[in-house]
Protein chains: 2
Amino acid sequence: MVTIPKEDYIKAVFTISFNGNGKVSTKDISEKLEVSNAATSEMARKLSLQGLINYEKYKGISLTAKGEKLALKILRRHRLWELFLIQILGLSWSEVHDQAERLEHHTTEFLIDKIDEHLGFPEFDPHGHPIPRKNGQLPKQPEVTALSEAKIGSSYKLVCVKDESKELMDYLTSIGLQLHTEIRLINKLSFDDSVFVQINKKQISFSKKIADKLSVSVIKN
Amino acid sequence: MVTIPKEDYIKAVFTISFNGNGKVSTKDISEKLEVSNAATSEMARKLSLQGLINYEKYKGISLTAKGEKLALKILRRHRLWELFLIQILGLSWSEVHDQAERLEHHTTEFLIDKIDEHLGFPEFDPHGHPIPRKNGQLPKQPEVTALSEAKIGSSYKLVCVKDESKELMDYLTSIGLQLHTEIRLINKLSFDDSVFVQINKKQISFSKKIADKLSVSVIKN
DNA sequence: CTACAAAGTTAGGGTTACTTAACTTATTTG
DNA sequence: CAAATAAGTTAAGTAACCCTAACTTTGTAG
Ligand SMILES: [Mn+2]
Ligand SMILES: [Mn+2]
Ligand SMILES: [Mn+2]
Ligand SMILES: [Mn+2]
């Protein structure tokens, strides 16, 4: 049986290894899901028995083919709900993630396909993440850099926000930064790796922690 | 804390006492939720401690004001979702109940208000049940009789189906019977209390069990 | 009014998912 | 490479919610 917590662990393994590479640590999962390491260890044992993850004690976790298939299904539900909530029901950027976090576990394939169709088979969610298709394929994202690695003087557009906390979303909204907004990199401070950018004619600075989360693609070099 | 099972118990108390009258029995709740009497007894103790129901051992259950307020909120979520799934996403009459049964527990007031607005503040759900308004008020239903109690020779229209099992919904759909469809009562058999009716020029018979579930209002006497 | 059946409750136990505390393994660093 | 620290696991226990079995209360039929 795949319960709701199990779905959350599987999704966590996928998203953590999607950015990083290969094996996922117990620690990272525990932090993401805000549970103890003990809980993650215990769950790893069970998911491994179910054939959803590869798990060798002390050696880290990776998804099996079966686990990955499941992860993609959950992400599909999550991301389609997010887009639906924004586009059809008018929720805001900062609200949709938490809602989708719950709805994703209670949506049949039939219903999510209807939502997909209603939205015209979109490829990206409101944060710029690719939406897995019905067949499990992931739309290819454009070539991106982290804003923290961008070149001084170049212009970019925001393609993906790799964090979905309400606080960050609200902040970005408040400064007028949305997906596809143009960002020009003015300067970097090597003291703390913060960046200075121009957005809608206003100059703004981001800490490295924020700049790391903003994936951008080049418009003008 | 109000958990999902607790919401289901509270809703069950409300809907059972809405048709019947006054106190609700442990038995009826257990049957509705498909759990043992023991589970219901145990839950009654807890809900009573929380001030959601009035409960005296062996004497039956009723909602407190606080419990009723909660029940109406849950019904609002359930019924708005049902209508939304049919009207906006094109699910069928027989599918929406089970979907809504799950979504109802994962919908914030903010989201359900958006859905309400999107649908134009409807008063009745796809089965003809009144949708509680944001303030907790229940729209008044038209004067209805059970089809099993209707008068031979009179014409009626279907106003409410008091059961939402997939099987019944599919059957009604298959014979072309929808909400607001005209039904003329041709005859009754006192042998088994079955009824003979005309729907869309076709003659059909219903067992008493089905006829009891069909609420109709008079068109022509 | 008694006795029997139906309804309701309590006791004891199972499952899932979580916690903290104690312990083990792996990694880093002087 | 040894010692210290970080990461990971196991053990023991808790909270919900459910079950079956045993028991108690209530309502009814004779
Ligand atoms: Mn999200
Ligand atoms: Mn329903
Ligand atoms: Mn439910
Ligand atoms: Mn309904």
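Numbers restart at 1 for each chain; the letters A, B, ... are given by sequence-line order, proteins then strands.
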Colleague: Could you tell me the separation between the CE atom of A:Met43 and the P atom of C:dT16, rounded to a whole number of Å?
Modeller: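 Result: 10 Å.
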
Colleague: Any side-chain N or O of A:Tyr55 below 4.0 angstrom from OP1/OP2 of D:dT9?
Modeller: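 Yes, A:Tyr55 has a side-chain N/O under 4.0 Å of OP1/OP2 on D:dT9.
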
Colleague: Between A:Lys57 and D:dT9, is there a contact of a side-chain N or O with OP1 or OP2 at under 4.0 Å?
Modeller: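 No, no such contact exists.
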
Colleague: Measure from CE on A:Met1 to C1' on D:dC18 and round the result to the nearest Å.
Modeller: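 Rounded to the whole Å, the gap is 15 Å.
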
Colleague: Verify the contact: side-chain N or O of B:Lys59 to OP1 or OP2 of C:dA7, cut-off strictly under 4.0 Å; return yes or no.
Modeller: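 So the side chain of B:Lys59 is outside the cut-off, no N or O lying under 4.0 Å from OP1 or OP2 of C:dA7.
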
Colleague: What integer distance in Å separates B:Arg45:CZ from D:dC18:C1'?
Modeller: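 After rounding, the gap between these two atoms is 14 Å.
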
Colleague: Tell me whether the OP1 or OP2 atom of D:dA15 has a side-chain N or O from B:Lys46 closer than 4.0 Å.
Modeller: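 So the side-chain polar atoms of B:Lys46 never come under 4.0 Å of the phosphate oxygens OP1 or OP2 of D:dA15.
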
Colleague: Students often get this wrong, so: under 4.0 angstrom with heavy atoms, is A:Ala38 touching a base, only sugar-phosphate, or nothing?
Modeller: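 The answer is base, as A:Ala38 lies within the cut-off (heavy atoms under 4.0 Å) of a base atom.
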
Colleague: As a test of reading the structure: which of D:dT9, C:dT16, D:dC18 is closest to the side chain of A:Tyr58, going by heavy atoms?
Modeller: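 Of the candidates, D:dT9 comes closest.
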
Colleague: Give the minimum heavy-atom separation between B:Thr26 and B:Asn37, together with the two atoms involved.
Modeller: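 So the two residues come closest at CG2-O, 3.8 Å.
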
Colleague: Nearest whole Å is fine: how far is C:dC18 P from A:Glu42 CD?
Modeller: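 In whole Å, C:dC18 P and A:Glu42 CD are 10 Å from each other.
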
Colleague: Check the angle between the aromatic planes of A:His129 and A:His127 and answer parallel, tilted or perpendicular using the 30° and 60° thresholds.
Modeller: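 Correct class here is tilted.
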
Colleague: Pick base, sugar-phosphate or nothing for B:Ala39, based on heavy-atom distances below 4.0 Å to the nucleic acid.
Modeller: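 The answer is sugar-phosphate, as B:Ala39 gets under 4.0 Å only of primed atoms, P, OP1 or OP2.
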
Colleague: Please work out if B:Thr26 contacts a base, only the sugar-phosphate, or nothing of the nucleic acid, heavy-atom cut-off 4.0 Å.
Modeller: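 Result for B:Thr26 = sugar-phosphate.
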
Colleague: Using a strict cut-off of less than 4.0 Å between a Lys/Arg side-chain nitrogen and an Asp/Glu carboxylate oxygen, indicate whether A:Glu7 and A:Arg77 qualify as a salt bridge.
Modeller: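 The answer is yes: the pair qualifies as a salt bridge.
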
Colleague: Below the 4.0 Å mark, does C:dC18 have OP1 or OP2 next to a side-chain nitrogen or oxygen of A:Tyr9?
Modeller: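 The answer is yes; a side-chain N or O of A:Tyr9 sits under 4.0 Å from OP1 or OP2.
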
Colleague: Is there a donor-acceptor pair closer than 3.5 Å between any side-chain N or O of A:Lys69 and the backbone N or O of A:Gly136?
Modeller: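 A pair under 3.5 Å: no.
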
Colleague: Indicate the atoms forming the closest heavy-atom contact of A:Leu185 with A:Ala150, along with that distance.
Modeller: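 In terms of heavy atoms, the two residues are closest at CD2-O, 3.4 Å.
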
Colleague: What nucleic acid atoms does A:Thr40 come within less than 4.0 Å of, heavy atoms only: base, sugar-phosphate, or nothing?
Modeller: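 Contact class for A:Thr40: none.
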
Colleague: Between atom CD1 in A:Ile4 and atom P in C:dA17, what is the gap in whole Å?
Modeller: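 Those two atoms, CD1 and P, are 10 Å apart.
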
Colleague: Could you state the CG-P distance from B:Asn37 to D:dC18, rounded to the nearest angstrom?
Modeller: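 That distance rounds to 13 Å.
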
Colleague: Taking 4.0 Å as the cut-off, does a side-chain nitrogen or oxygen of A:Ser36 come that near to OP1 or OP2 on C:dT19?
Modeller: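 Yes, within the criterion.
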
Colleague: Could you state the CD-P distance from B:Glu7 to D:dC17, rounded to the nearest angstrom?
Modeller: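 Atom CD in B:Glu7 sits about 11 Å away from atom P in D:dC17.
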
Colleague: In whole Å, I'd like the distance from the CD atom of B:Glu56 to the C1' atom of D:dT26.
Modeller: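 In whole Å, D:dT26 C1' and B:Glu56 CD are 14 Å from each other.
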
Colleague: Return the nearest nucleotide to the side chain of A:Ser25; candidates are D:dC19, D:dG8, C:dT9.
Modeller: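 For the A:Ser25 side chain, the nearest candidate turns out to be D:dG8.
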
